[in-house]
Amino acid sequence: MYGIESEKTFINELTAEPTLCGTEYFATLLQIKGRRSVVGATVLYDGGIPVGVKSDWGVEGLDGSFHLGESSTIPVSDKDGGLTELSRRALVELNECQEAIGAVGGAVLNMSNNPLIARTQENVDRYSIPRPHSYAREVRGWDHSATIDASTQNSPSTSVSSFEAADAMNVILGLGSAFVALYANSPFYQGSVSGVQETRLRMWKQYFGSSTVPGDKYLFSAPPRPFRTLREYFTWIYDAPRSLYFVTDSPKPGTTEVPVVIDEEPSVMAFARSEAMAGKTYPDNQSIIVRPKLHHIERNQFMQFYGARLRFAFTDGGVPPSEFLSAMEGKSTEVEQFMDDTTDYMYIEGRDPGTNFADAMFADTAPEAAASMYISPSALQAGLIANTTGSRKILDQFDWDTLVGLREEAIRSGMEAEYKGAKVKHLVELALEAAAEGIGVDNHWMLEYPLHVLRTGVNGAARALTKYEGTREATTAARIRTVLLASKAIPGASLLR
């Protein structure tokens with residue numbers, strides 16, 4: 001199964017300032033889907049505010065702010081067309097978003113942030129979906145201004161079995177520098193040239209830096225070593241020094257659930273091992289005793305922001321946590337077997353590729369690469385996971401600390417990154433060879449964009465900087481604005497094969 005969760009920045013087509021998605025945008029999007037006879041299309045609301053359109057293909061919505069779109073495409077199996085069908089659906093839905101935002105004078109930006117937006121509380125108040133309370137902000141102390149510049153990613157989802165999940169995580173985390181270098185696309189920041197090709201990935205230090213929970217500083221850090229088993233992965237994300245988020249009675253997110261903040265900020269594992277712990281409801285601060293349930297473990301899986309994370313859903317939330325804990329105390333593949341027995345699905349969510357869309361200039365100069373740009377992160381990740389044997393051979397050529405350090409250098413220098421003698425260009429070359437073997441000949445066209453970046457050494461950030469050098473406006477901010485206006489995504493329909 002293959003899916004995409006793709007974020008996109010909406011800008012005014014004349015000024016490059018944020019364009020906000022309101023009632024008119026979602027009404028237009030619903031009408032467009034109606035013309036396509038989409039099954040089950042309906043508007044989603046948050047506190048009476050329209051925030052998305054749901055259909056049988058997924059959800060076109062918002063990621064917390066009115067200028068930051070998020071497309072969550074329902075996974076497609078190989079039987080239903082696999083990556084080829086996923087690419088078609090993603091481009092059709094991109095085109096629908098472009099048509100809807102165009103009706104209100106907006107466009108989709110080919111960049112993984114909007115550098116004209118300052119990261120301030122004033123802009124958080126201006127652009128964020130209003131919510132009366134925010135546990136993350138009010139209790140945890142997370143700084144939402146760090147993401148208000150619409151930092152965006154093209155996040156591929158690739159199904160894995162529980163028995164291959166640890167290896168798959170190692171591959172995607174270990175080769176993170178290749179994904180960063182290929183898809184870096186945010187060289188500007190708050191009206192200036194940042195000196196960093198993927199400024200987007202620097203947001204986490206600000207986002208979690210003011211947290212009141214000491215363990216939150218580890219949420220965007222690399223694991224110290226590769227995982228030998230899922231037991232090691234779950235120990236990494238669920239045990240100290242990391243801390244539990246909040247818990248609820250509901251196995252699935254919903255607007256009526258009551259969050260409970262557990263006293264003393266235990267780790268997920270410490271809470272799961274307990275008979276019960278005291279906590280307080282949020283936001284009304286009522287004392288309550290909570291007994292751990294399996295869905296508390298499931299719903300904390302998102303608390304990992306480095307590179308990639310494992311996503312899953314338990315079939316039966318009534319299974320006692322003691323069975324998970326018993327598996328965690330084993331010596332072999334007990335956790336893999338437990339997850340295989342108790343989950344509906346499991347997949348790897350990649351988080352390193354920055355958003356890239358084909359703009360007019362790039363499509364004119366490299367049409368085949370432009371056609372593959374949107375689907376290529378999914379194809380690259382799927383190929384590496386399908387060819388785990390070949391991918392592991394790449395990892396075996398480097399020590400783990402070198403791979404982690406090379407990713408940090410790729411954030412700064414893109415395709416020119418080097419660390420302890422390792423060059424990201426070489427790693428990209430090896431990764432593309434392994435991925436091509438994994439996805440098969442019929443899908444090789446999907447790798448044309450990363451192959452183009454490898455051949456030229458020029459990624460989205462480098463192309464944006466070249467545009468910037470060709471501008472003549474009086475101020476840096478004005479020159480960046482010109483770059484943004486020249487970087488509007490072309491219609492997704494024009495890229496359909």
Side-chain angles (χ1 to χ4, degrees), residues 6-20 65 67-69 94 98 101-102 105-119 123 127 147-154 180-203 353-367 369-370 373-374 410-416 449 452-453 456-492 494-495:
S6 175
E7 299 167 340
K8 56 184 70 68
T9 302
F10 295 121
I11 61 169
N12 182 285
E13 62 183 354
L14 300 178
T15 67
E17 294 293 333
T19 288
L20 308 188
S65 303
H67 62 308
L68 202 170
L94 170 63
Q98 290 172 303
I101 202 68
V108 172
L109 176 65
N110 169 34
M111 202 163 285
S112 57
N113 70 344
N114 184 337
L116 298 182
I117 303 174
R119 293 181 176 178
N123 281 334
Y127 300 131
T147 62
I148 203 62
D149 61 353
S151 295
T152 57
Q153 63 192 32
N154 182 340
V180 173
L182 287 167
Y183 299 102
N185 200 18
S186 52
F188 309 116
Y189 171 67
Q190 297 193 118
S192 65
V193 180
S194 69
V196 174
Q197 290 213 352
E198 188 64 331
T199 310
R200 169 185 68 94
L201 286 174
R202 292 289 173 85
M203 68 181 173
T355 295
N356 285 252
F357 295 110
D359 58 34
M361 185 180 298
F362 186 72
D364 286 344
T365 57
M373 181 184 283
Y374 197 17
I411 293 172
R412 184 194 319 277
S413 305
M415 291 295 292
E416 299 302 316
Y449 176 71
H452 173 87
V453 175
T456 63
V458 179
N459 59 16
R463 291 194 299 274
L465 289 168
T466 298
K467 292 177 185 176
Y468 176 82
E469 293 302 324
T471 61
R472 294 293 179 266
E473 284 77 10
T475 67
T476 299
R479 295 173 70 185
I480 292 173
R481 189 183 306 275
T482 297
V483 173
L484 302 191
L485 292 173
S487 302
K488 292 177 285 191
I490 62 173
S494 69
L495 299 168

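Please read all numbers here as calculations on a predicted model, not as lab measurements.
Residues Ala358 and Ala370 share a closest heavy-atom pair of CB-CB, 3.8 Å. Listed here is the closest heavy atom pair of Met415 and Gly457: CB-O, 3.8 Å. Here the closest non-hydrogen pair linking Glu13 and Lys488 is O-NZ, 3.2 Å. Closest approach of Ser194 to Tyr189, counting heavy atoms only: CB-CB, 3.8 Å. Asn459 and Gly414 get closest at one heavy-atom pair: ND2-CA, 4.0 Å.
In this structure, CD in Glu416 is found 8.0 Å from CD in Gln197, a value given to the nearest 0.5 Å. How far CD1 of Ile101 is from NE2 of His67: 11.5 Å, rounded to the nearest 0.5 Å. For the atom pair CZ of Arg463 and OG1 of Thr365, the computed distance is 8.0 Å after rounding to the nearest 0.5 Å. Taken from CZ in Arg481 to CG in Leu485, the straight-line distance is 7.5 Å, to the nearest 0.5 Å. Distance CD1/Ile148 to CD1/Ile117: 7.0 Å, rounded to 0.5 Å.
When atom types are taken as modelled, the side chain of Gln98 and the backbone of Ile490 share a donor-acceptor pair closer than 3.5 angstrom. Counting only distance, with no hydrogens or angles, the side chain of Gln153 and the backbone of Pro353 share no donor-acceptor pair below 3.5 Å. Proximity of a side-chain donor or acceptor of Asn356 to a complementary backbone N or O of Gly354 within less than 3.5 Å is detected. Although no hydrogens or angles enter the test, the distance criterion places a donor-acceptor pair under 3.5 Å between the side chain of Arg472 and the main chain of Glu469. Asn114 places a side-chain N or O within 3.5 Å of a backbone atom of Ala16 that can act as its donor or acceptor partner.
Partner Glu198 forms a side chain to side chain donor-acceptor pair (under 3.5 Å) with one of Ser151, Ser186, Ser413 and no other, that one being Ser186. Checking Ile480, Thr9, Leu484, Ile11 one by one against Met111, the side-chain contact (heavy atoms from CB on, under 4.5 Å) holds for a single residue, Leu484. With Thr152 as the partner, the side chain to side chain donor-acceptor pair (under 3.5 Å) test is satisfied by one option alone out of Thr355, Asn113, Asn185: Thr355. Considering Val483, Val196, Thr199, Asp149 as possible partners of Phe188, the one that fulfils the side-chain contact (heavy atoms from CB on, under 4.5 Å) test is Val483. With respect to Asn154, the side-chain contact (heavy atoms from CB on, under 4.5 Å) criterion is satisfied by exactly one of Phe357, Tyr374, Tyr183: Tyr374.
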Starting from the C-alpha separation in whole Å, work towards a yes-or-no answer on side chain to side chain contact (heavy atoms under 4.5 Å, CB included) for Phe10 and Val108. CA-CA 5 Å; Phe10 295 121; Val108 172; 3.8 Å; yes
Kindly determine whether Thr147 and Arg119 satisfy side chain to side chain contact (heavy atoms under 4.5 Å, CB included), including the steps that lead there. CA-CA 7 Å; Thr147 62; Arg119 293 181 176 178; over 6 Å; no
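Counting heavy atoms from C-beta outward, Lys467 and Met361 have side chains that approach closer than 4.5 Å.
A centroid separation of less than 6.0 Å is found between the aromatic rings of Phe362 and Tyr449.
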